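Working notes, beginning with the structure itself.
Please read these numbers as outputs of a predicted model, since none were measured by experiment.
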Amino acid sequence: MRLFFLWFGTLLRWSFFILLMVVVWAYVFLLIFAWHAEKRETLTHQDLPASAKGQYVKAADLTLYVQEAGPPTGMDVLLIPGIGGWSGTWPQTMTLLAEAGFHVVAIDLPPFGFSERPHGALYGKTDQAARILGVMDALGIAKAILVAHSTGGGPAVEAAATPPRRVTGLVLVDAELDIAFDRKGKTYPPFLVDWFLSTPTLRDGAVAAFITNPLFTRRFLNWMSHRRGADDTWTEIYRQPLKLQGTTTAVSAWLPAWIANLKPARSEEPETYRKLKIPIHLMWGDFDAIAPPEQARLLTLAAPGTILKIVHGAGHLPQMEDAATFNRQLLQSLNVMKFDLDSKVATATSEAKADMKSDTKPDSK
């Protein structure tokens with residue numbers, strides 16, 4: 001029995017030692033990646049890629065980078081990208097919508113893309129919504145349809161629900177909405193997750209290794225996809241902003257708001273969608289493992305009139321995995337919304353003219 005306890009004690013000591021070494025090496029591993037990110041991210045906001053033809057505008061508290069296409073007199077459509085995306089990740093979509101007569105504005109929603117992302121910036125859904133509305137203010141856009149993908153979905157809904165109502169339609173693409181259909185409140189993350197999120201050094205290292213690492217971009221896109229992986233063109237598009245100064249630290253600061261944000265948000269309440277009173281179209285890859293299509297189906301039940309379109313065989317990035325189908329379905333949705341809005345304007349104009357005529361009729365007496 002004594003030999004057993006001696007053997008067991010030795011086993012515990014070695015197990016603790018091995019575990020300690022694994023933790024230390026993992027920590028060193030992340031520190032190395034964070035150091036490499038700092039050395040790699042050398043570009044400034046003036047060092048835009050040749051393909052980028054946009055401008056910087058003051059939007060609420062930050063300066064955002066936007067790109068425009070299409071006739072200025074066309075119906076305004078704002079494209080809001082999700083995780084890792086920026087205004088340059090809508091190339092075919094912008095061209096198609098512009099040719100169809102829409103005025104398209106693609107936004108770099110921080111911390112991604114070439115927008116400003118200073119230390120201490122807030123990335124909650126309401127903060128991001130204020131920036132979306134701020135872009136509309138800066139460009140003189142009174143009302144617009146919002147097309148939002150992934151993590152851009154929540155801020156887009158928040159913007160639509162912000163009075164005075166300036167959003168005339170919503171197209172949500174594989175949006176991460178976190179809608180509380182079961183009416184349960186948010187729960188705190190497990191201890192280890194909370195510890196990780198509250199430790200900037202660990203966050204920076206993990207982000208530098210797996211999100212902002214250009215060597216990992218193709219694998220990151222493939223992980224979010226289902227039908228096919230990212231080709232060289234798409235991989236390079238997503239890589240372009242990754243060399244901008246402060247990218248890793250900004251994405252690291254955004255991470256807690258994405259994973260464990262406990263701040264109340266209207267976009268997470270089913271009742272919000274019923275009260276919006278605007279057309280809502282959902283476009284979803286049926287193999288999306290990040291934002292499962294089941295939430296989209298539940299939303300169509302919670303908000304009658306919501307239209308769900310499935311991009312068959314696609315995952316979380318239908319605009320990349322099946323661009324032809326995605327763009328065709330998106331254009332159909334926007335044309336439907338435009339027709340409805342034009343009809344309402346025409347009806348209101350006719351009624352106003354009729355009222356004016358009745359007011360100007362001479363009194364029969």
Side-chain angles (χ1 to χ4, degrees), residues 59-60 75-82 97 102-105 107 109 124-137 141-186 261 263-284 291-310 329-348:
M75 181 168 286
D76 296 296
V77 176
L78 270 61
L79 303 180
I80 304 165
L97 298 186
F102 291 96
H103 175 232
V104 191
V105 179
I107 301 174
L109 198 61
K125 294 176 182 178
T126 54
D127 303 302
Q128 300 284 51
R131 291 162 191 151
I132 293 171
L133 296 173
V135 168
M136 294 175 63
D137 290 336
I141 297 174
K143 294 181 181 293
I145 299 172
L146 304 186
V147 179
H149 173 245
S150 185
T151 54
V157 176
E158 295 291 328
T162 301
R165 302 294 178 83
R166 301 174 60 187
V167 177
T168 55
L170 277 172
V171 180
L172 302 175
V173 183
D174 291 84
E176 296 184 44
L177 301 171
D178 300 318
I179 303 175
F181 290 110
D182 55 5
R183 292 295 179 182
K184 292 181 180 178
K186 290 187 176 182
N261 183 27
K263 187 177 179 181
R266 287 171 293 191
S267 57
E268 296 169 6
E269 294 294 330
E271 188 63 25
T272 298
Y273 298 84
R274 287 190 286 268
K275 292 179 178 179
L276 282 178
K277 305 299 183 183
I278 59 174
I280 302 175
H281 288 211
L282 310 177
M283 297 180 62
W284 238 266
E294 180 60 23
Q295 181 158 121
R297 295 188 181 96
L298 290 173
L299 181 54
T300 61
L301 297 176
T306 299
I307 296 175
L308 173 59
K309 297 182 176 182
I310 296 295
Q329 292 186 355
L330 175 59
L331 182 58
Q332 289 172 351
S333 290
L334 294 177
N335 280 331
V336 168
M337 291 183 183
K338 182 178 185 299
F339 178 80
D340 291 343
L341 291 169
D342 288 344
S343 298
K344 289 180 181 178
V345 171
T347 301

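The CG atom of L79 sits 12.5 Å away from the CG atom of L109 when rounded to the nearest 0.5 Å. To the nearest 0.5 Å, atom CD of residue Q128 and atom CD1 of residue I107 are 10.0 Å apart. Note that the CD1 atom of I145 and the OG1 atom of T168 stand 4.5 Å from one another [nearest 0.5 Å]. Note: L177 CG to L299 CG = 7.0 Å, rounded to the nearest 0.5 Å. Distance check, rounded to the nearest 0.5 Å: OG1 of T151 to CG of D174 gives 11.5 Å. If you take OG1 on T300 and CG on L308, they are separated by 6.0 Å, rounding to the nearest 0.5 Å.
S150 is listed as a side-chain neighbour of E176, based on a closest heavy-atom distance under 4.5 Å. For the pair I132/V167, no side-chain contact is recorded, criterion being any heavy-atom separation below 4.5 Å from C-beta on. A heavy-atom distance below 4.5 Å is found between the side chains of K263 and D127. Within the 4.5 Å cutoff, the side chain of V157 has heavy atoms near those of the T272 side chain.
Listed for the Y273 side chain is no donor-acceptor partner under 3.5 Å among the backbone atoms of E268. A donor-acceptor pair under 3.5 Å is absent between the side-chain atoms of W284 and the main chain of Q295, judged by distance alone.
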Legend entry - Evaluation steps, side chain to side chain contact (heavy atoms under 4.5 Å, CB included), between L97 and V147: CA-CA 12 Å; L97 298 186; V147 179; 5.7 Å; no
All N/O donor-acceptor pairs, side-chain side in residues 330-340, below 3.5 Å, sequence neighbours left out:
unit_1: S333; atom_1: OG; unit_2: H281; atom_2: ND1; d: 2.8
unit_1: S333; atom_1: OG; unit_2: K309; atom_2: NZ; d: 2.8
unit_1: S333; atom_1: OG; unit_2: Q329; atom_2: O; d: 3.3
unit_1: N335; atom_1: ND2; unit_2: L331; atom_2: O; d: 3.3
unit_1: K338; atom_1: NZ; unit_2: D342; atom_2: OD2; d: 2.9

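Every pair passing salt bridge (Lys or Arg N to Asp or Glu O under 4.0 Å) that includes a residue from residues 158-170 is listed here, sequence neighbours excluded: D137-R166, E158-R266.
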